[in-house]
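Hydrogens, waters and symmetry mates play no part in the numbers below; they use all other heavy atoms, side chains included.
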Amino acid sequence: MEGNSSEQLNAPLWEPTATGTDDDVHRYDKLGSTSPRQFSGKSLSSITKDSVSRYGDGIEAGVISDSNAKPSSQQSPDSTLTTFVLGIIIYFSSGGTPFGMEPSLKAAGNLYAIIGYAVIPFVWALPEAVMTYELSSLYPCSSGGVRWAEEAFGKTCGLFTGYLGWVSGITNNATAPVLFFSYLSSHFFPDISDTDTPWIQFGISAGIAIVLAYINYRGLEVVGKASVLIFFVSIAPFVLMTIIGIPKVDPQKWLQTPTGEEEVFDDDTMAQPGWVPDTLLGGITLRPFINNLYWSVNGFDQAGHFSNAVPKRTLRNGLCLSLLLVSTTKMIPILISTGATDIEQADWKAGSFALAATEIGGRWLGTLVVVASGISLLAQFLSGMSADSLQLQGMADRGQLPLIFRTRSPHDTPTNALILGLLGVMIMLPLPFGFIVELSNFAYCISVIIEFLAFAQLRIRRGDGTMLRKTVYALLLIAPMLYNIVVLMVASYATYIYGACASALGALLILTTVPDSLSL
């Protein structure tokens with residue numbers, strides 16, 4: 001032992017192993033200038049204390065330990081999470097299901113809605129997926145965008161980005177049970193409005209949320225297997241609707257343009273005044289159309305929260321698979337539903353795909369769509385809550401949140417992070433679907449803008465790629481950044497107030513969690 005002690009002291013304290021991650025490298029680089037002589041004759045615990053006093057609690061929590069166990073954000077890639085399973089999880093996390101697209105048809109008519117869903121995967125989803133893979137490959141960590149923003153702009157910006165992403169996530173999670181109730185009521189109780197039964201809607205939605213939170217508690221592998229099963233069950237009615245509906249399709253119906261009248265939405269989406277006074281452009285009711293398109297395809301950056309659980313190749317292939325699935329499972333149902341039915345623009349609303357299926361194949365097919373909507377929206381909730389809880393756990397691992405959020409269940413899931421996420425969902429459940437979508441988009445928009453700027457900083461300004469590659473990256477950012485600006489501009493005043501309050505709470509969190517944040 002004496003002969004080896006000198007050799008061990010002269011070796012790097014944080015030398016990454018074959019199973020290590022980029023987090024290990026990052027933390028070692030941070031201590032790269034430390035001389036081994038500085039720790040000569042000291043025990044491991046005293047070295048830990050010296051390092052913590054110099055570099056912060058994150059080192060003690062995340063790197064040096066008397067045991068061989070790694071913290072939660074330093075787990076070796078889990079080979080049980082295959083490309084297909086990861087692709088399905090990302091698919092649901094990014095709103096891949098066709099359910100909830102109907103407000104776009106009501107706001108813009110058949111032609112513009114079809115064009116919107118044909119274009120949006122390329123101008124938004126693809127750039128976001130590329131950004132996610134590039135930054136996740138450089139910095140694999142369960143905190144995802146938090147890590148990217150921190151690497152680019154510092155700890156304060158990372159914490160604020162993570163907070164806004166989490167706020168958007170729990171807000172978006174609330175859309176799943178609310179939308180399921182809309183499908184349920186539109187098919188079985190078409191004469192009853194959601195606003196007529198608020199307590200029933202809240203009770204059913206809350207019960208669904210609690211059950212799904214428990215499934216998340218049971219572990220990521222359970223979520224993955226459940227998501228794959230749910231994917232096939234949820235897509236089956238649309239496969240049947242496509243087969244039955246193709247002979248009935250009239251392509252002329254795809255060319256129908258808006259009536260020119262501002263549509264009245266059941267959830268009072270347009271009742272809230274906004275900064276943009278006239279939201280009717282070319283017959284399109286702009287605010288719900290922009291928000292619904294944005295909501296339907298955002299969330300590919302959620303894959304970053306799983307980057308520490310899978311190899312890079314699995315992450316890349318999973319992102320590609322999810323992008324393909326999102327594009328096809330939105331375009332095909334909207335083409336069949338608009339081309340093979342006589343549903344007027346004013347009659348489209350959340351839940352109308354069940355009515356379209358009934359008209360195409362009969363009530364049995366409409367019932368299958370309702371069942372599929374419930375099942376797939378539940379999977380969307382599962383995936384979203386998994387990503388959000390992993391984000392809080394990753395932030396706690398990095399010393400940005402209290403250690404209570406590192407607490408894991410016997411199933412290796414972040415218990416307290418799941419509970420906090422569930423409480424946030426409960427608060428949002430009484431709100432109308434369209435308003436929840438707008439609130440979620442607003443918070444997400446600010447968060448993802450910071451992520452795109454981090455991508456520009458780390459891969460374009462600081463990156464070691466060729467000039468051609470950097471130029472492609474720069475061009476790739478133009479469309480999504482402009483879209484983000486549009487989403488922020490068309491928001492209502494109520495949403496601005498929500499954003500201001502959420503930002504104020506985030507600033508308070510930063511000041512209390514990171515006392516020295518103002519000096520960073």
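Put simply, CD1 on Ile332 and OG on Ser327 are 10.5 Å apart, with the number rounded to the nearest 0.5 Å. With rounding to the nearest 0.5 Å, the separation of CD1 in Ile290 from CD1 in Ile284 is 8.0 Å. To the nearest 0.5 Å, atoms OG1 (Thr171) and CH2 (Trp166) are separated by 8.5 Å. Between the OG1 atom in Thr132 and the CZ atom in Arg316 there is a gap of 15.0 Å [rounded to 0.5 Å]. Taking CD1 of Ile436 as the reference point, atom CG of Asn291 lies at 13.0 Å (rounded to 0.5 Å). Rounding to the nearest 0.5 angstrom, the gap separating the CG atom in Leu86 from the CD1 atom in Ile90 is 4.0 Å.
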Stepwise, does the side-chain contact (heavy atoms from CB on, under 4.5 Å) test hold for Trp148 with Phe455? CA-CA 8 Å; Trp148 311 336; Phe455 177 70; over 6 Å; no
Using side-chain contact (heavy atoms from CB on, under 4.5 Å), reason through Asn441 and Leu488 one step at a time and then give a plain yes or no. CA-CA 9 Å; Asn441 284 350; Leu488 294 176; over 6 Å; no
One pair to check against side-chain contact (heavy atoms from CB on, under 4.5 Å): Tyr139 and Ser307. What are the steps and the verdict? CA-CA 8 Å; Tyr139 309 105; Ser307 62; over 6 Å; no
Verdict with reasoning, Leu482 to Ile478, per side-chain contact (heavy atoms from CB on, under 4.5 Å): CA-CA 6 Å; Leu482 290 177; Ile478 295 175; 3.9 Å; yes
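For Ser492 and Thr495, the side-chain atoms include at least one donor-acceptor pair closer than 3.5 Å. Residues Asp301 and Tyr444 have side chains that bring a donor and an acceptor to within less than 3.5 angstrom of each other.
Checked against a 6.0 Å centroid threshold, the rings of Tyr496 and Phe442 count as neighbours. Side-chain rings of Phe452 and Trp124 approach one another, their centers coming within less than 6.0 Å. Phe238 and Phe99 have their aromatic ring centers within a separation under 6.0 angstrom.
At distances below 3.5 Å, at least one donor-acceptor pair connects side-chain atoms of Ser440 with backbone N or O atoms of Ser168. Judged purely by atom type and a 3.5 angstrom limit, Ser447 has no side-chain atom pairing as donor or acceptor with the backbone of Ala443. Of the possible donor and acceptor atoms, none in the side chain of Thr314 sits under 3.5 Å from a partner among the backbone N and O of Thr83. With hydrogens and angles ignored, the 3.5 Å screen pairs a side-chain donor or acceptor of Ser322 with a backbone N or O of Gly318. Formation of a donor-acceptor pair under 3.5 Å by the Tyr112 side chain with backbone atoms of Phe289 is not found in this model. Between the Asn173 side chain and the Val425 main chain, no donor and acceptor come within less than 3.5 Å of each other. No donor-acceptor pair closer than 3.5 Å links the side chain of Asn292 to the backbone N or O of Pro288. Of the possible polar contacts, none joining the Ser136 side chain to the Tyr133 backbone as a donor-acceptor pair under 3.5 Å is found. Side-chain atoms of Arg147 never come within 3.5 Å of backbone atoms of Cys141 as a donor-acceptor pair (strictly under, hydrogens ignored).
With Glu134 as the partner, the salt bridge (charged side-chain N to carboxylate O under 4.0 Å, His left out) test is satisfied by one option alone out of Lys312, Arg469, Lys470: Arg469.
Summarising the geometry of Glu128 relative to Val448, their closest heavy-atom pair is OE2-CG2, 3.8 Å, with the distance given to 0.1 Å. Nearest approach of Leu325 to Thr329, heavy atoms of both residues: O-OG1, 2.6 Å. Annotation for Ala149 and Cys157: closest pair CB-O, 4.1 Å, computed over non-hydrogen atoms. Here the closest heavy-atom approach between residue Ala479 and residue Val123 is recorded as CB-O, 3.6 Å. Looking at every heavy atom in both residues, Lys330 comes nearest to Ser296 through CE-O, 2.9 Å. Across all their heavy atoms, Ile120 and Tyr483 have their closest contact at CD1-CE1, 2.9 Å.
Met481 has its side chain within reach of Leu453: a pair of non-hydrogen atoms, C-beta onward, lies under 4.5 Å apart. Inter-residue side-chain proximity for Leu324 and Thr328 is flagged as met; some heavy-atom pair is nearer than 4.5 Å. Contact check for Phe300 versus Val326: side-chain heavy atoms found under the 4.5 Å cut-off. A heavy-atom distance below 4.5 Å is found between the side chains of Met101 and Phe353. In this structure, Tyr91 and Leu321 have side chains that are not in contact, with every pair of non-hydrogen atoms separated by 4.5 Å or more.
Heavy-atom contacts from other residues, nucleotides or ligands closer than 6.0 Å to CZ of Arg462 number more than 12.
Under 4.0 Å is where a charged nitrogen must lie from a carboxylate oxygen, and between Lys106 and Glu102 no such pair does.
For Ala502, the side chain to side chain contact (heavy atoms under 4.5 Å, CB included) partners are Tyr163, not counting sequence neighbours.
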